[in-house]
Enquirer: 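Let me begin by handing over the structure; questions about it come next.
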Number of protein chains: 2
Amino acid sequence: MKYQVLVRLKPGVLDVQGKAVENGLKDKKFDAIRNVRVGRVIELEVDGVAAPEAKAQVDEVCKLLLANPVIEQYEIKEVA
Amino acid sequence: MKYQVLVRLKPGVLDVQGKAVENGLKDKKFDAIRNVRVGRVIELEVDGVAAPEAKAQVDEVCKLLLANPVIEQYEIKEVA
């Protein structure tokens, strides 16, 4: 089982990385680009575990290690 | 136009963040999880520009600011 986890800042949380990208773009005259938000994508494989249990494990790992639940939200997608 | 850009290390490039996550998981007895790869997801909006030109701008921005073409590859998806 292969999973993709998208970790993003919650809406309303100031995204300093995104702002830095926006400012960099303004300097380079890309004025049409806005609302840049930067997050993380984590791809991982779960071996030898049935699907529902595998997804539960990924969810636990997200809470434990991959996302900061105070300011971030995550989304788990099965990719194969 | 809203775009999602996934930036990942090229296959074969050592992913130290991914390895750190794997090691952290082993300490916590998640032995079934392997091949962890960590990348970035960037979401942005392009306003007032037609679709093909907007995508071309996003592509340019990827090369300029968002990805390091030496060790990273990127993928652009239109999300809305």
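Just so we're on the same page: letters track the sequence lines, and every chain starts at 1.
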Enquirer: For B/Ile33, is it the side chain, the backbone, both, or neither that has a heavy atom closer than 4.5 Å to a heavy atom of chain A?
Expert: both

Enquirer: Pick whichever of B/Lys2, B/Lys28, B/Arg34 has the most heavy-atom pairs under 4.5 Å with chain A.
Expert: B/Arg34

Enquirer: Given A/Val21 and B/Leu66, is the side-chain contact (heavy atoms from CB on, under 4.5 Å) satisfied, shown in steps?
Expert: CA-CA 8 Å; A/Val21 171; B/Leu66 301 180; 3.8 Å; yes

Enquirer: Report which part of B/Glu53 has an atom under 4.5 Å of a heavy atom belonging to chain A: side chain, backbone, both, or neither.
Expert: neither

Enquirer: Decide whether A/Val70 and A/Leu9 are clustered together by the hydrophobic rule: side chain heavy atoms of Ile, Leu, Val, Met, Phe, Trp, Tyr closer than 4.5 Å, transitively.
Expert: yes

Enquirer: Of all of A/Asp47, A/Val58, A/Leu65, A/Leu44, which one pairs up most often with chain B through heavy atoms under 4.5 Å apart?
Expert: A/Asp47

Enquirer: Looking at B/Asn35, B/Val5, B/Val49, which has the largest count of heavy-atom pairs under 4.5 Å with chain A?
Expert: B/Asn35

Enquirer: Are any of the side-chain heavy atoms of B/Val36 and A/Glu45 separated by less than 4.5 Å?
Expert: no

Enquirer: Roughly how far, to the nearest 0.5 Å, is the CD1 atom of B/Ile42 from the CG atom of A/Asp15?
Expert: 10.0 Å

Enquirer: Can you hop from A/Leu64 to A/Tyr74 via hydrophobic side chains spaced under 4.5 Å?
Expert: yes

Enquirer: Give the member of B/Val7, B/Val41, B/Asp31, B/Leu6 that has the highest number of heavy-atom pairs under 4.5 Å with chain A.
Expert: B/Val41

Enquirer: Can you tell me which of B/Met1, B/Arg37, B/Gln57, B/Glu60 forms the most heavy-atom pairs within a distance under 4.5 Å of chain A?
Expert: B/Arg37

Enquirer: If I take atom CZ from residue A/Arg8 and atom CD from residue B/Glu43, how far apart are they, to the nearest 0.5 angstrom?
Expert: 4.0 Å

Enquirer: Do A/Leu25 and B/Val61 come within less than 4.5 Å of each other through their side chains, counting heavy atoms only?
Expert: yes

